[in-house]
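Since the structure comes first, as structure tokens, the remarks are kept for the end.
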There are 2 protein chains.
Amino acid sequence: MSATLRQVAERAGVSVRTVSNVVSGFALVAPETRTRVQAAIDELQYRPNAAARHLRGGRSGLVALAVPEIASPYFGELAGLLAEEAERRSWLTLIQQTGGNARDERALLDGVRGQVVDGVILSPWALSPGDLTRRPEAVPLVLLGEQDAGGMLDHVTVDSIAAAREATRHLIERGRTRIAAIGLQPHLENGTAARRLEGYRQALSEAGLPADPVLEIPVDRLHRRDGADALAQLLSGPVQIDAVFCFSDQLALGAMRTALQHGLTIPGDIAVVGFDDVEDGRFSTPSLTTISPDKEAIAREALACLDDRVGANGQVPARRIVVGHQLLVRDSS
Amino acid sequence: MSATLRQVAERAGVSVRTVSNVVSGFALVAPETRTRVQAAIDELQYRPNAAARHLRGGRSGLVALAVPEIASPYFGELAGLLAEEAERRSWLTLIQQTGGNARDERALLDGVRGQVVDGVILSPWALSPGDLTRRPEAVPLVLLGEQDAGGMLDHVTVDSIAAAREATRHLIERGRTRIAAIGLQPHLENGTAARRLEGYRQALSEAGLPADPVLEIPVDRLHRRDGADALAQLLSGPVQIDAVFCFSDQLALGAMRTALQHGLTIPGDIAVVGFDDVEDGRFSTPSLTTISPDKEAIAREALACLDDRVGANGQVPARRIVVGHQLLVRDSS
DNA sequence: CATCCATGTTGCAACGTTGCATGCCACGTT
DNA sequence: AACGTGGCATGCAACGTTGCAACATGGATG
């Protein structure tokens, strides 16, 4: 094991407390003493013991990042940015996968959180606002995504309604009139899909196009497979379409595959727009038009919220931060 | 904060030690006492304090997962599986991005490791075997990938030479004779690219095809962009090719994009094979033929190594575990 | 009846750190 | 000479847990 304060103290011929002062950089230490202690520290390769500091100070320096699945490109990219930002602020990042189900998300809120981490950044998928606010313990919690908690919690999000409206409007401006929406998730409490659907409908309505329930396709999850299946289902039916707005890039990439397999051209026969701007969509063929949320800003703001809340223990008013987004027009439309 | 053992003890009218015994499940506790204590635990919602346990027991229950970048699909998928397996074994997973540079990888070995985590799973990218073995402290370390450490450390890998040979042989069996290799990384210590190149050359040699240095293309990183650029470079030159073996799926997906943009057909004009079997390749158009390493096995074996080494403190002989792989033939060849 | 054992239960100490209060010294002021 | 002051260093206690050894109790054994 590593050297302790006591060992360093003995070596330097000072008290444990003085070594602690040198290590912390604070307090008054005579220059001569400081160099002597520092020498002992270097010789013994002293490293502060994280467990003792945690026990004594009540802070672990750990933040949990809870997402449905880290392997999903969007959450992978977000996790990368969050981990970077966390490191910049001297936090270590714990990764916690919820699988997107309510049971695991709830277990997470009760479990890990309380005793190991100083804060949690949660991207809820299945929890209702009620679940979120009914938390006995008070570990700082920041929400990502659409699921609001009635203004009780810090919350970083994009304006999904506006973004979805822009995406749909873009398709309309390209002359499309039979625009399907893929990605409804009526079985989840999660408000994301609902908001994107809302934006989609607003755009249709603004353009005087009818909203047709037959064009609104629910999916089980947000994987490529689901997008592929959803479009296949549409194409095998009697419905005519000339565009699809998918609620995630993953869905869009799956849908594109189905379209191409059916011999359709993109964007000739079908224009496709996604949401997330993951790396895949930039190099797919054709490249994918998408809504690009400002992920760097999400990471930055989420950690900033946590920092503020952990620093000032007690009452900081809950914040709701809306980060920017951008429509990136590429070859698929 | 949460209740402590002492508070539970007072409430149940027993000693702190007895409560500890109940919580741990071990030792002898009279059934009647146990239920009484359990009741107090439930009422007070007692949760063991992780910091105290860590300090007392010397184990944090944390394992660090150190990869170049979590946003990269291969590492994302691997991280997901590793985190799942870790949870199954009651570890929490810390995520540590090295950026694939030697400085950060070295810093990681000296820093975090020592005082916070019980073990590290490292996917080295830039470190030499020398860097890896020259470690003063003795925190269990498991290596992923090709970079061996002279048999000094636990090491989980695929047989890259054999896999690359199979991939190349597959292209030869499809009648290709001008097969390029994309993905050399002469600037890194990392042995991965070197082994895949070795397997590629072996296959050519076995088939009596000449190895042509002009067909072996180095890249800076392993992103789609690099694959796209590499193929563009090849196509703009005088060299004729009818197939590409890319050392990662990312490179392959980038190369496919370039090929399609140049109006080439896949696999008609150019057959493409990748390495990794990431989700993207399953839904790209055309879908990507690739080498699929058994990622579940990698995750399982890596955690098993760590468990064994942490459990039995001291001398466990270093293990080298080779997990299986499989050539998945899809539309790109 | 003394002894031994198994079963329950307990107090003490220690893990390494830092907040707090105190001690000590030299120096300058009244 | 007595006093206050500021710079520096230290000892004690506590964070919450568990290993260890010891201690009760009651029943079985010699």
Side-chain angles (χ1 to χ4, degrees), chain A residues 1-41 44-62 90 112 114-118 137 139 313, chain B residues 1-41 44-62 90 113-118 137 139 313:
Chain A
M1 271 302 163
S2 181
T4 72
L5 279 185
R6 193 206 312 269
Q7 291 166 349
V8 175
E10 280 172 15
R11 177 141 191 140
V14 296
S15 77
V16 171
R17 198 62 190 71
T18 297
V19 180
S20 174
N21 285 338
V22 171
V23 172
S24 313
F26 290 111
L28 328 177
V29 180
E32 191 268 339
T33 310
R34 168 159 274 137
T35 53
R36 192 152 42 92
V37 170
Q38 189 59 52
I41 289 176
L44 296 177
Q45 298 209 41
Y46 168 79
R47 310 257 170 209
N49 180 300
R53 283 192 161 173
H54 182 188
L55 178 59
R56 185 69 243 259
R59 288 183 49 176
S60 63
L62 297 178
S90 317
V112 170
Q115 296 294 330
V116 183
V117 300
D118 297 338
E137 306 180 34
V139 170
N313 62 342
Chain B
M1 269 304 158
S2 183
T4 71
L5 279 185
R6 191 202 318 263
Q7 291 165 348
V8 175
E10 279 171 16
R11 177 142 191 136
V14 296
S15 75
V16 170
R17 198 62 190 71
T18 297
V19 181
S20 174
N21 285 337
V22 172
V23 172
S24 314
F26 291 110
L28 328 177
V29 180
E32 193 269 338
T33 310
R34 166 158 277 138
T35 53
R36 193 153 40 93
V37 170
Q38 190 58 53
I41 289 176
L44 296 177
Q45 298 209 42
Y46 167 80
R47 309 259 170 206
N49 179 299
R53 282 192 161 173
H54 182 190
L55 178 59
R56 184 70 243 259
R59 288 182 50 177
S60 63
L62 296 178
S90 318
R113 200 196 42 175
Q115 297 293 330
V116 183
V117 301
D118 296 339
E137 304 180 35
V139 169
N313 62 343

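First the proteins, then the strands, lettered A, B, ... as listed; each starts at 1.
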| request: Select one nucleotide: of dT10(D), dT17(D), dT17(C), the one nearest the side-chain heavy atoms of T18(A). | output: dT10(D)

| request: Figure out the CG/P separation between L55(B) and dA14(D), and round it to whole Å. | output: 17 Å

| request: State the CZ-CG distance between R17(A) and L5(A), to the nearest 0.5 angstrom. | output: 9.0 Å

| request: Would you please confirm or rule out a distance under 4.0 Å between OP1 or OP2 of dA9(D) and any side-chain N or O of T33(A)? | output: yes

| query | Between atom CG in L5(B) and atom C1' in dT17(D), what is the gap in whole Å? | reply | 6 Å

| said: Does this structure show an ion pair linking E32(A) with R36(A), if we count only N-O contacts that are shorter than 4.0 Å? | reply: yes

| Separation of dT10(C) P from E10(B) CD (nearest whole Å) | 13 Å

| Reported CZ-to-OG distance for the pair R56(A) and S20(A), which is rounded to 0.5 angstrom | 10.0 Å

| said: Taking the nucleotide of DNA chain C with the nearest heavy atom to each, does S15(B) or P48(A) sit closer to the 5' end? | reply: S15(B)

| Relative orientation of the end axes in the helix from dC1(C)-dG30(D) to dT30(C)-dA1(D), expressed as an angle to the nearest 10° (five pairs per end) | 70°

| Can you check the N21(A) CG to dG11(D) P distance for me, whole Å? | 13 Å

| For V23(A) and P48(A), which heavy atoms make the closest approach, and how far apart are they? | CG1-CG, 4.3 Å

| query | Between the base of dG19(D) and the side chain of R17(B), is there a donor-acceptor distance below 3.5 Å? | reply | yes

| query | Just to confirm, is there a sub-4.0 Å distance from OP1 or OP2 of dT17(C) to any side-chain nitrogen or oxygen of S20(A)? | reply | no

| said: Please report the distance, rounded to the nearest Å, between CG in N49(B) and C1' in dG16(D). | reply: 5 Å

| query | Between atom CZ of R34(B) and atom CD1 of I41(B), what is the distance when rounded to the nearest 0.5 Å? | reply | 9.5 Å

| remark: In whole angstroms, the gap separating P of dC8(D) from CD of E32(A) amounts to 12 Å

| said: Rounded to whole Å, how long is the line connecting atom CD of Q7(B) with atom P of dG16(D)? | reply: 8 Å

| remark: The nucleotide from dG16(C), dT17(D), dG8(C) with an atom nearest the side chain of R53(B) is dT17(D)

| query | Between P31(A) and V16(A), which is nearer to the 5' end of DNA chain D once each is assigned its nearest nucleotide? | reply | P31(A)

| task | Check every atom of dC8(D), dT10(D), dT17(C) against the side chain of V14(A) and return the nucleotide holding the closest atom. | result | dT10(D)

| task | Test for a donor-acceptor pair under 3.5 Å between the base of dG16(D) and the side chain of R56(A), counting only N and O atoms. | result | no

| said: Just the rounded figure in Å: distance from C1' of dT18(C) to CZ of R6(A). | reply: 14 Å

| request: Determine the sole option in V22(A), V37(A), V19(A) for which the side chain to side chain contact (heavy atoms under 4.5 Å, CB included) test with V29(A) is passed. | output: V22(A)

| request: Quick one: pull up OG in S2(A) and CD in Q7(A) and give me the separation to the nearest 0.5 Å. | output: 8.0 Å

